[in-house]
Amino acid sequence: MAAVIIGVPITRCRGLARHPHPPPAMQEKYHPGEIEKSAQAHWDSTGAFRALEDPSKPKYYCLSMFPYPSGKLHMGHVRNYTIGDVLTRWHKMRGFNVLQPMGWDAFGLPAENAAMQNKVPPAQWTDDNIAYMKQQLMSLGFGLDWERELATCKPDYYQWNQWLFLRMLEKGIAYKKTQVVNWDPVDQTVLANEQVIEGRGWRTGAPVEKREIPGYYLAITQYADELLAALDTLPGWPERVKTMQANWIGKSFGVRFAFPYELDGKAEKLWVYTTRADTLMGVTFCAVAAEHPLATRAAQGNAALAAFIDECKHGSVMEADMATMEKKGMPTGIFVAHPLTGEKVEVWVGNYVLMGYGEGAVMAVPAHDERDFAFARKYGLAIKQVIDVPGKDYSLDAWQEWYADKEKGVCIASGKYDGLAYDAAIDAIAADLKAKDLGDKQVQYRLRDWGISRQRYWGCPIPLIHCDACGTVPVPDEQLPVVLPTDCVPDGSGNPLNKREDFLACTCPQCGKPARRETDTMDTFVDSSWYYARYCSAGNATVMVDERVKYWMPADQYIGGIEHAILHLLYSRFWTKVMRTLGLVQYDEPFANLLTQGMVLNHIFSRRTAKGGIEYFAPEEVELVRDEAGHVTGATLKADGSAIDYGGVGTMSKSKRNGVDPQSLIEQYGADTARFFMMFASPPEQTLEWSDSGVEGAYRFMKRVWSFGHALKAQAATGEAGSESTPLRREIHLLLKQANYDLGKLQFNTVASACMKMLNALEKAPADPHAREGFSILLRVLSPIAPHITHGLWLELGFGPDILAAPWPEPLEAALVQDEIELVLQVNGKHRGSLRVKVGADRTAIEAAALASEMAQKFMEGRPPKKVIVVPGRLVNIVA
RNA sequence: GCCGGGAUGGCGGAAUCGGUAGACGCAGCGGAUUCAAAAUCCGCCGCCGCAAGGUGUGUGGGUUCGAGUCCCACUCCCGGUACCA
């Protein structure tokens with residue numbers, strides 16, 4: 001594996017010496033550079049994080065989402081990988097056999113954009129970025145097993161994408177159909193959704209068109225039900241992620257049925273699907289997509305309709321745009337028959353109906369669907385109320401929520417179905433449709449099959465060959481991998497592979513005649529759908545995954561951004577199930593526990609370009625303009641003072657130029673400070689708005705830890721502490737208890753804060769007989785977050801040879817006992833003071849003490865107590 | 001639009017089961033040290049008020065002895081929305 005990775009070589013010292021890099025005599029001042037280099041050399045030479053399968057130990061597979069090699073690490077990476085490293089080190093100290101690997105999600109669009117800008121092949125740009133970022137990861141001291149490193153742009157990885165794709169083709173899981181894409185008519189190229197800005201191409205400013213082209217799909221819908229049901233087997237996943245996935249899969253129970261019609265003398269059926277068959281008697285029109293055959297047929301000899309259909313083909317294909325655009329339509333002049341009444345219903349073409357979704361046609365019930373209501377009002381179409389909720393008045397003036405209510409309504413004006421409620425109405429109507437052979441109940445999913453074809457160069461080639469005689473033919477296994485040439489430089493005018501004769505030319509595996517290679521590449525989500533399993537089979541050139549997967553998978557903890565809550569995580573779950581179907585793995589789900597970290601946000605500044613495109617500015621290039629309340633209202637460019645647009649805060653990204661490079665942080669303060677600050681700043685699941693201040697505080701803390709250690713070493717001769725507990729000891733153990741509780745909740749910010757509190761306590765009682773014990777606890781609790789400084793101090797103070805091998809501390813109950821506690825005193829629910837009582841005091845004693853207290857007397861103002869509430873160990877509330 | 005989440009001092013955040021709101025830090029202010037500065041150390045620090053006290057967790061209602069926490073209705077912000085990763 002290492003042979004294909006262009007990265008910083010790791011120097012491996014093969015000696016058996018325990019400390020090949022002994023730190024120099026302890027410095028009084030904190031020098032993170034030396035301390036960190038020495039600790040990292042120690043982990044490297046001892047192979048501390050080299051993971052080997054060891055069935056005798058409980059395993060812990062700690063997996064972080066691998067980065068896209070965009071050039072430099074950003075704060076989101078530092079946050080993500082620090083969380084992973086804290087968990088890795090914490091579990092290691094608790095006796096687990098831990099694997100924490102790292103790799104590179106190395107195919108993708110930004111490499112092509114960089115290539116266009118710098119005229120450097122994406123391969124070279126990517127390799128350079130990987131080398132730089134790898135060195136950054138190493139300088140942060142993450143406990144990674146670099147011998148399992150992988151990069152998805154290398155053939156020894158992506159050949160298995162190709163191999164599995166061919167297996168899916170054999171199983172009917174992969175198949176071909178048309179897809180709708182964004183087309184830039186000027187650059188003559190397919191645009192990603194991200195490259196479409198307000199309906200225009202980002203580089204050319206030209207209005208984007210929709211275009212239908214062939215593509216390959218993976219039948220994720222075959223697994224829809226299992227993907228949904230298995231969410232219940234994932235208690236270690238956040239509820240919000242499971243909810244989002246369930247809604248995305250969108251299982252619905254409805255009715256698929258047809259409107260019969262006759263056209264050109266032939267009997268035809270217009271199929272639709274609805275979850276509101278109970279409103280079928282309220283249908284006043286139907287709407288079909290612009291690409292629907294019925295629309296195409298109607299447009300023949302109808303110039304106005306043809307023009308409208310053409311207009312529908314402009315604009316982006318994004319769901320958000322489709323849902324918010326103005327709904328437009330035009331009648332086709334074709335009528336279909338209502339399946340139950342035989343009444344004539346006109347078919348319209350609607351710009352909001354999508355060919356790719358369901359049947360590409362919908363029934364319209366304006367009275368009980370908000371969108372149909374607006375559409376009918378706009379075009380003066382009939383609105384027929386067929387659901388009534390007792391006590392509510394129906395009006396055509398404006399849409400009311402209750403018009404779509406499924407719970408309380410009953411059918412009216414629906415003939416034999418009058419009086420039936422939702423479920424009963426659907427049962428009856430579905431039965432009648434079935435009897436007429438015009439439809440039946442059907443379970444449907446919102447989830448669509450996964451289109452994996454990309455008309456782009458920098459991706460995994462789809463292993464197919466096009467032969468004039470034999471059609472599309474799979475590349476035989478023995479000819480894999482289909483290797484992507486690494487020297488192309490895209491220029492924005494389409495896939496450069498189409499101009500590469502040496503790539504294109506091949507012979508048909510079936511007939512042996514000259515043929516052409518497929519030039520589409522795979523969606524990069526394919527690459528990221530199984531990399532975590534490949535880590536476990538690192539270096540195996542003969543199979544996709546081997547026996548070692550059984551030991552490590554599923555991952556015990558997966559950590560990554562919340563932005564991947566649906567697509568990446570769902571595709572990975574799907575890929576896992578396909579691999580299981582093919583007998584490659586035994587587990588059903590890849591990730592036992594999931595931590596979705598919040599995104600790191602920063603301000604976004606932009607400006608329109610003359611062409612109509614958009615350019616972004618980095619925060620350091622601009623000056624903020626604030627209003628009186630201190631809120632940011634705009635910005636000016638530092639360079640020339642010109643006004644630019646303030647776009648609020650948003651996720652740090654290369655394309656928006658609002659990323660913060662952690663490099664200067666590391667150089668100025670050291671890795672421990674950077675790591676500690678990231679953990680301290682906020683809880684992992686919350687979004688984090690970037691701010692430079694606060695880092696100083698983390699650095700000050702490191703310096704204080706160091707000097708306390710230095711002072712403690714000097715007075716180490718004070719002898720061992722007795723068993724007698726002191727207030728310091730009680731406080732340290734109390735904080736330890738809290739820290740351990742918070743670690744279990746993955747709430748690292750309060751663990752960091754507990755460490756600070758421990759040091760505050762120690763500094764106030766440096767001569768306490770338990771100071772050494774207290775400091776040893778502090779070092780161990782702090783070590784997963786700030787591993788270098790704690791490693792160094794552990795050695796300096798002679799606590800042991802390696803803090804990583806030290807046992808994780810547990811609070812001693814004996815240290816926690818006390819004989820008096822303080823209760824809060826309230827009168828009528830308001831805080832009025834406090835009360836000291838003996839630990840074992842009973843309710844009556846507490847009540848009596850409370851009533852007798854001066855503050856209670858004052859605020860009761862002579863009224864007799866109506867009630868006294870005692871919350872044991874907490875408070876007394878006198879209601880007077 | 002739809003789906004998911006969030007909102008607490010000047011700032012990041014804490015508050016485990018409905019029980020002292022603002023732990024721990026940042027910034028700020030005052031002091032010590034210093035020729036001076038940096039660094040370091042000590043103290044103050046939600047808002048109104050001289051104080052007693054009042055008030056306060058995005059907005060408006062509600063439940064409760066007691067609500068940041070539970071319920072209802074909203075506002076704004078963030079993520080996703082299937083070709084950014």
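It should be emphasised that the depicted structure is a prediction, and the values quoted were computed from it without experimental measurement. Residue numbering restarts at 1 for every chain, and letters A, B, ... go by the order of the sequence lines.
- Nucleic acid contact for A:V190: base, since at least one base atom lies under 4.0 Å from a heavy atom of the residue.
- A salt bridge is defined here as a Lys NZ or Arg NE, NH1 or NH2 lying under 4.0 Å from an Asp or Glu carboxylate O, and A:K378 with A:E326 meets this definition.
- Both tests hold for A:K177 against A:Y217: distance to the six-membered ring centre under 6.0 Å, angle to the ring axis within 45°.
- Across all strands shown, A:W450 has no heavy atoms under 4.0 Å from either base or sugar-phosphate atoms.
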Check step by step if side-chain hydrogen bond (donor to acceptor under 3.5 Å, both in side chains) holds for A:Q188 and A:D184.
CA-CA 5 Å; A:Q188 292 284 299; A:D184 187 318; over 6 Å; no
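- Distance, A:W248 CH2 to B:rC3 P: 13 Å, rounded to whole Å.
- Among the atoms of the strands shown, base atoms are found under 4.0 Å from some heavy atom of A:F525.
- Shortest non-hydrogen contact noted between A:S316 and A:V196 is CB-CG1, 3.9 Å.
- Between A:F525 and the options A:Y571, A:W575, A:W450, a ring-ring contact (aromatic ring centres under 6.0 Å, His included) holds for only A:Y571.
- Straight-line distance between the P atoms of B:rC47 and B:rA23: roughly 13 Å, to the nearest whole Å.
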Convert the base pairs of RNA chain B into dot-bracket notation, remembering that pairs crossing earlier ones are written with [ ] and that bases paired across to another strand are shown as |; include only Watson-Crick or G-U pairs under 3.5 Å.
(((((((..(((......[....))).(((((.......))))).(((....)))..(((((..]....))))))))))))....
Just by protein heavy atoms under 4.0 Å, how would nucleotides 42-55 of chain B read 5' to 3' in B, S and -?
----------SSSS
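- The distance between atom NE2 of A:H603 and atom P of B:rC78, rounded to the nearest whole Å, is 12 Å.
- Across the protein-nucleic acid pair, A:E239 atom CD and B:rG5 atom C1' stand 13 Å apart, rounded to whole Å.
- At least one side-chain nitrogen or oxygen of A:K703 sits closer than 4.0 Å to the OP1 or OP2 atom of B:rU40.
- Interface remark: the A:E319 side chain does form a donor-acceptor pair with the B:rG1 base, using a distance-only criterion of under 3.5 Å.
- Counting non-hydrogen atoms under 4.0 angstrom, A:S707 reaches nothing in the nucleic acid.
- Here the side chain of A:K867 pairs no donor or acceptor atom with the backbone of A:P865 at under 3.5 angstrom.
- Ring-plane geometry between A:F107 and A:Y158 is classed as tilted, the angle between the planes lying from 30 to 60 degrees on a 0 to 90 degree scale.
- In textbook terms, a nucleotide whose glycosidic angle is within 90° of 0 is syn, while B:rC65, being further out, is anti.
- A salt bridge is defined here as a Lys NZ or Arg NE, NH1 or NH2 lying under 4.0 Å from an Asp or Glu carboxylate O, and A:D187 with A:R203 meets this definition.
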I'd like to compare against my own output: the B/S/- annotation of nucleotides 14-28 of chain B with a strict under-4.0 Å heavy-atom distance to protein.
SSB--BBS-BBSSS-
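- Within the 4.0 angstrom heavy-atom criterion, base atoms lie near A:V181.
- Distance, A:I566 CD1 to B:rG80 P: 10 Å, rounded to whole Å.
- Taking side-chain N and O atoms only, A:N193 has a distance below 4.0 Å to OP1 or OP2 of B:rA82.
- Spacing between B:rG12 and B:rA39 at atom P, rounded to whole Å, works out to 24 Å.
- For the C1' atoms, the distance from B:rG13 to B:rG18 is 22 Å, rounded to whole Å.
- In this structure, the CD atom of A:E112 is 13 Å from the P atom of B:rC84, given to the nearest Å.
- Looking at the side chain of A:Y571, the nearest of the listed nucleotides B:rG5, B:rC84, B:rA82 is B:rA82.
- One finds a side-chain N or O of A:N247 lying less than 4.0 angstrom from the OP1 or OP2 phosphate oxygen of B:rG4.
- One C1' atom belongs to B:rU34, the other to B:rG53, and the distance between them is 44 Å to the nearest Å.
- At a threshold of 4.0 angstrom between heavy atoms, the contacts of A:R454 include nucleobase atoms, whether or not backbone atoms are also involved.
- Comparing the C1' positions of B:rU55 and B:rC72 gives an interatomic distance of 26 Å, to the nearest angstrom.
- One interatomic measurement links the two molecules: CG of A:D369 to P of B:rG1, which rounds to 16 Å at whole-angstrom precision.
- Atom CD in A:E685 sits about 17 Å away from atom P in B:rG4, given to the nearest Å.
- In this structure, of B:rG79, B:rC65, B:rG80, it is B:rG79 that holds the atom nearest to the side chain of A:M244.
- Nucleotide B:rU81 holds its C1' atom 15 Å from the NE2 atom of A:H564, rounded to whole Å.
- Take the nearest nucleotide of RNA chain B for A:E370 and for A:E689: the residue whose nucleotide is more 5' is A:E370.
- Applying the 90° criterion around 0 to the glycosidic angle, B:rG9 comes out syn.
- Contact annotation for A:A565: no contact, since no heavy-atom pair falls under 4.0 Å across all strands.
- Between A:E319 and A:R448 no salt bridge is recorded (no basic side-chain N to carboxylate O distance below 4.0 Å).
- For the pairing with A:Y157, the side chain to side chain donor-acceptor pair (under 3.5 Å) check across A:Y531, A:W530, A:W104 returns one residue only, A:W530.
- For the pair A:R832 and A:F859, the cation-pi test (distance below 6.0 Å, angle within 45°) is passed.
- Put simply, the side chain of A:Q826 never gets that close to the backbone of A:L875: no donor and acceptor are under 3.5 Å apart.
- Although no hydrogens or angles enter the test, the distance criterion places a donor-acceptor pair under 3.5 Å between the side chain of A:E518 and the main chain of A:D520.
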side-chain hydrogen bond (donor to acceptor under 3.5 Å, both in side chains) between A:R704 and A:N760: does it pass, once the steps are laid out?
CA-CA 10 Å; A:R704 280 168 56 209; A:N760 289 348; 2.6 Å; yes
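- No contact: A:L823 has no heavy atom under 4.0 Å from any strand.
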